[in-house]
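Read the structure below first, then the notes.
Protein chains get the first letters and strands the later ones, always in sequence-line order, with residue 1 at the start of each. What you are looking at is a predicted structure, and each value in this text was computed from that prediction instead of being measured.
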There are 2 protein chains.
Amino acid sequence: MGVTIRDVAKAAGVSITTVSRVLNQYTDVNPKTRQKVLKVIEQMGYQPNSVARSLVKNRTQTVGLVVSDLSKYRSGHHFMFDVLCGINDRAQELGYDLVLFSTTPTAQKKTTYMDFVKQRRVDGVVMMGIRLDDPYTHEVVEASIPSVLIDVPLTSKTCSYVMTDNVKGAKMAVEHLINLGHRQIGFVNGHDQAAVSKERLTGYIQALEGAGLSYHPDYVYYGNFEQEDGAQGVRCLKQRHPEISAVFFASDLMAIGGIKYIQSSGGQVPRDLSIVGFDDISLASLMQPALTTIRQMRYEMGRAAVETLLRMLENGETGRGMILPPELVLRETTEPFAK
Amino acid sequence: MGVTIRDVAKAAGVSITTVSRVLNQYTDVNPKTRQKVLKVIEQMGYQPNSVARSLVKNRTQTVGLVVSDLSKYRSGHHFMFDVLCGINDRAQELGYDLVLFSTTPTAQKKTTYMDFVKQRRVDGVVMMGIRLDDPYTHEVVEASIPSVLIDVPLTSKTCSYVMTDNVKGAKMAVEHLINLGHRQIGFVNGHDQAAVSKERLTGYIQALEGAGLSYHPDYVYYGNFEQEDGAQGVRCLKQRHPEISAVFFASDLMAIGGIKYIQSSGGQVPRDLSIVGFDDISLASLMQPALTTIRQMRYEMGRAAVETLLRMLENGETGRGMILPPELVLRETTEPFAK
DNA sequence: TAAAAATTCGAAAACGTTTTCAATTTGACG
DNA sequence: CGTCAAATTGAAAACGTTTTCGAATTTTTA
């Protein structure tokens with residue numbers, strides 16, 4: 001059916017080897033014959049079979065993106081989509097195809113990461129949305145093919161990571177609240193199987209201590225990054241500690257949940273509670289009131305991920321961490337503390 | 001490096017052929033030897049090389065998802081992401097890998113669809129976000145490998161489509177406004193290189209005429225599905241036709257733009273303008289006021305797409321259209337007309 | 001018990017490339 | 001004109017599977 005290198009060779013009156021040489025821009029082919037071959041290729045509409053090529057080169061020019069819980073029902077995509085765009089764009093620019101895999105903790109028990117990689121024959125993988133207690137998290141650092149983790153600070157010879165400077169981001173958020181005069185500041189964090197949660201807690205504490213305020217473990221609530229967790233978070237916090245005048249949320253979605261909760265119980269934001277989120281998802285600027293938050297450079301994270309992946313892959317560089325700066329974006333959900 | 005079928009064969013003391021047979025669950029192999037081979041496979045951690053398999057079978061077990069303008073800067077993803085999840089989930093369930101390609105009109109001029117397909121060796125493709133005047137739109141229906149288009153009603157022997165019943169959806173939206181007593185109803189449509197725009201216009205007109213109202217071409221504004229277009233749309237419409245009391249938008253994002261515009265110019269929704277959107281993106285329910293809109297079953301569209309794709313691919317079925325029902329979801333941006 | 005049929009297996013070709021190695025041609029130079 | 005190096009080419013092996021065809025073995029049948 002399709003036209004093969006053999007057909008081209010015959011039509012051009014040269015050997016297969018020669019055709020292969022012009023395809024791969026080798027220099028040792030006579031300009032005359034190169035032109036002839038090129039013309040035949042053009043005429044016959046020949047496109048090399050990438051599968052055959054992959055087989056002999058043992059390289060697929062493909063990077064796998066494995067995402068945990070990529071699902072309609074999870075809202076992680078508010079964060080993930082831009083990262084995906086970045087990954088996709090950069091991979092395409094560098095001549096790699098991107099193949100998508102979603103996985104779950106249970107699926108990870110059935111098929112080990114090694115088996116996954118051996119089966120799929122991707123040249124490298126970037127992993128996103130994975131939890132610290134997921135099996136793949138630890139299998140990936142020991143794997144033979146290069147990988148980069150998004151938001152999990154683990155490195156090895158073949159494993160890099162990229163993430164935002166979360167302690168700095170959290171610190172900026174809390175310092176902003178402190179500068180506004182707030183002293184009793186709650187924190188609705190994510191679950192503790194996310195590295196970012198630990199870092200953001202650190203930043204929260206550093207900001208507090210930097211301002212001479214004491215850290216009350218009781219002021220932090222652990223949610224699951226979902227909207228309802230945010231609502232639940234402020235409910236608990238405000239109930240147990242009515243003195244709290246501001247809350248920092250580890251995700252915009254939880255912040256939105258918090259705002260909705262306040263509003264639905266008759267309060268107003270920021271009058272009754274100042275709020276800072278994290279991520280700067282597109283919702284944040286569209287809301288009413290618009291959400292003050294810490295922006296993550298998600299698209300750039302994606303690009304950086306494949307960038308470092310291919311550095312390991314093609315230049316044999318060893319794994320390393322990459323930290324991107326956060327940015328405080330001021331909107332309408334914070335105001336000075338009024339005693 | 002890796003262990004091959006040859007290694008297992010040797011270790012199990014059988015021929016390559018036999019190993020292949022147990023791998024592909026052929027029946028003509030002695031249960032005894034099957035067990036033996038299976039054990040060796042297990043012990044050696046053998047995983048078949050899918051590339052080699054693809055080469056000989058001329059099938060990659062891979063479907064391509066080509067998306068036009070998948071980009072950080074385009075907001076189509078509010079619609080696309082759920083569809084993508086559906087595609088991904090169903091493909092995975094059916095044993096296919098999903099590989100992602102983003103394209104642009106200019107890229108489509110450089111590489112024809114045929115070349116794209118020959119190069120990538122995907123077994124089928126689903127296409128999304130593409131415009132009627134994109135080159136691929138017409139190349140795809142004539143291609144030899146099966147494809148399904150999202151939101152472009154074109155069929156051929158190898159080409160199917162799936163889309164929402166847009167005329168019905170638009171009709172439902174406008175009828176809802178009519179039932180509330182509105183008589184002067186504007187329409188902010190999408191650009192005319194989207195099939196959905198044409199259909200939604202039809203629905204708009206049908207609803208009007210069904211209620212004995214006359215259709216003013218001047219009441220419809222053509223935007224580009226982006227937020228700013230929505231703002232621009234109501235500005236034009238209200239300026240030229242202050243009598244308009246309600247507007248139907250061809251996307252939620254444009255509706256949001258419209259609402260923002262009204263609010264920023266001192267008005268209120270729905271007091272000053274009743275608004276219905278289209279899509280039911282996650283923003284819609286989170287906004288203030290929450291957006292009344294027409295829901296599309298996006299996730300199901302994705303699933304349906306690979307479903308029909310694989311039916312063409314594996315059962316040789318011929319292309320067909322698939323229409324999913326819309327749903328009116330009532331929220332807070334519409335109210336009865338008060339003269 | 002011999003023939004026929006069914007079961008089980010293996011050798012080798014094929015898939016479409018790249019790559020190695022050696023052969024051939026060309027060109028320069030004395 | 002002969003020689004040597006450089007430039008250009010081709011034959012064949014290799015990549016790791018599946019599949020075809022037929023052979024060997026076992027079972028069934030007459």
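No donor-acceptor pair closer than 3.5 Å links the side chain of Gln108(A) to the backbone N or O of Thr103(A). In this structure, Asp123(B) contributes its side chain and Thr60(B) its backbone to a donor-acceptor pair below 3.5 Å. With hydrogens and angles ignored, the 3.5 Å screen pairs no side-chain donor or acceptor of Ser156(B) with any backbone N or O of Glu142(B). Counting only distance, with no hydrogens or angles, the side chain of Asp7(A) and the backbone of Thr4(A) share a donor-acceptor pair below 3.5 Å.
Note: CD1 (Ile5(B)) to P (dG10(C)) measures 12 Å, nearest angstrom.
As judged by a 4.0 angstrom heavy-atom cut-off over every strand, Thr4(A) is placed among residues touching the sugar-phosphate backbone only. Contacts of Asp28(A) with the nucleic acid, taken as non-hydrogen atoms under 4.0 Å apart, include base atoms. If you check every strand for non-hydrogen atoms under 4.0 Å, Val14(B) touches sugar and phosphate atoms only.
Only at 4.0 angstrom or more do the heavy atoms of residues 31-39 of chain A sit from any atom of DNA chain C, so none qualifies. Listed in residue order, the members of residues 116-125 of chain B having a heavy atom less than 4.0 Å from DNA chain C come to none.
Comparing Lys57(A) and Leu55(B) along DNA chain C, the residue whose closest nucleotide (by nearest heavy atom) sits nearer the 5' end is Leu55(B). Across the interface with DNA chain C, nearest-nucleotide mapping of Val56(A) and Val29(B) shows Val29(B) to be the residue nearer the 5′ end. With DNA chain D read from its 5' end, the first of the two nearest nucleotides for Arg21(B) and Asn49(B) is the one closest to Asn49(B).
Ring geometry for Tyr136(A) versus Phe116(A): interplanar angle of 30 to 60°, hence tilted.
For Thr18(B) and dG10(C), the shortest distance from a side-chain N or O to OP1 or OP2 is below 4.0 Å. Between dT19(C) and Tyr26(A), a contact under 4.0 Å exists linking OP1 or OP2 to a side-chain N or O. At the phosphate of dG10(C), neither OP1 nor OP2 sits under 4.0 Å from any side-chain N or O atom of Thr17(B).
Rounded to 10°, the helix from dT1(C)-dA30(D) to dG30(C)-dC1(D) has 50° between the axis fitted to its first five pairs and the one fitted to its last five.
In this model, no donor atom of one side chain and acceptor atom of the other lie less than 3.5 Å apart for Thr17(B) and Ser20(B).
Other residues, nucleotides and ligands place no more than 12 heavy atoms under 6.0 Å from the CZ atom of Arg6(B).
Mapping heavy-atom proximity under 4.0 Å, the span of DNA chain D touched by chain B runs 5' to 3' from dG16(D) to dT20(D).
The side-chain heavy atoms of Arg311(B) and Ser160(B), taken from C-beta on, include no pair separated by under 4.5 Å.
For the pair Ala143(B) and Tyr113(B), the tightest heavy-atom approach, listed with the atom from each and the gap, is CB-CE2, 3.4 Å. For Leu149(A) against Val140(A), the heavy-atom pair with the smallest separation is CD2-CG1, 3.9 Å. Contact detail for Val148(A) and Thr308(A): the closest heavy-atom pair is CG1-OG1, 3.9 Å.
Identified under the salt bridge (charged side-chain N to carboxylate O under 4.0 Å, His left out) test for residues 95-115 of chain A, with sequence neighbours left out: Asp97(A)-Arg120(B).
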What donor-acceptor contacts under 3.5 angstrom involve side-chain atoms of residues 42-51 of chain B, with partners at least two apart or in another chain?
residue  : atom : partner   : partner atom : Å
Asn49(B) : OD1  : Val51(B)  : N            : 2.8
Asn49(B) : OD1  : Ala52(B)  : N            : 3.2
Ser50(B) : OG   : Gln119(A) : O            : 2.9

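Here the NE2 atom belonging to His138(B) is positioned 7.5 Å from the CG atom belonging to Asp133(B), to the nearest 0.5 angstrom.
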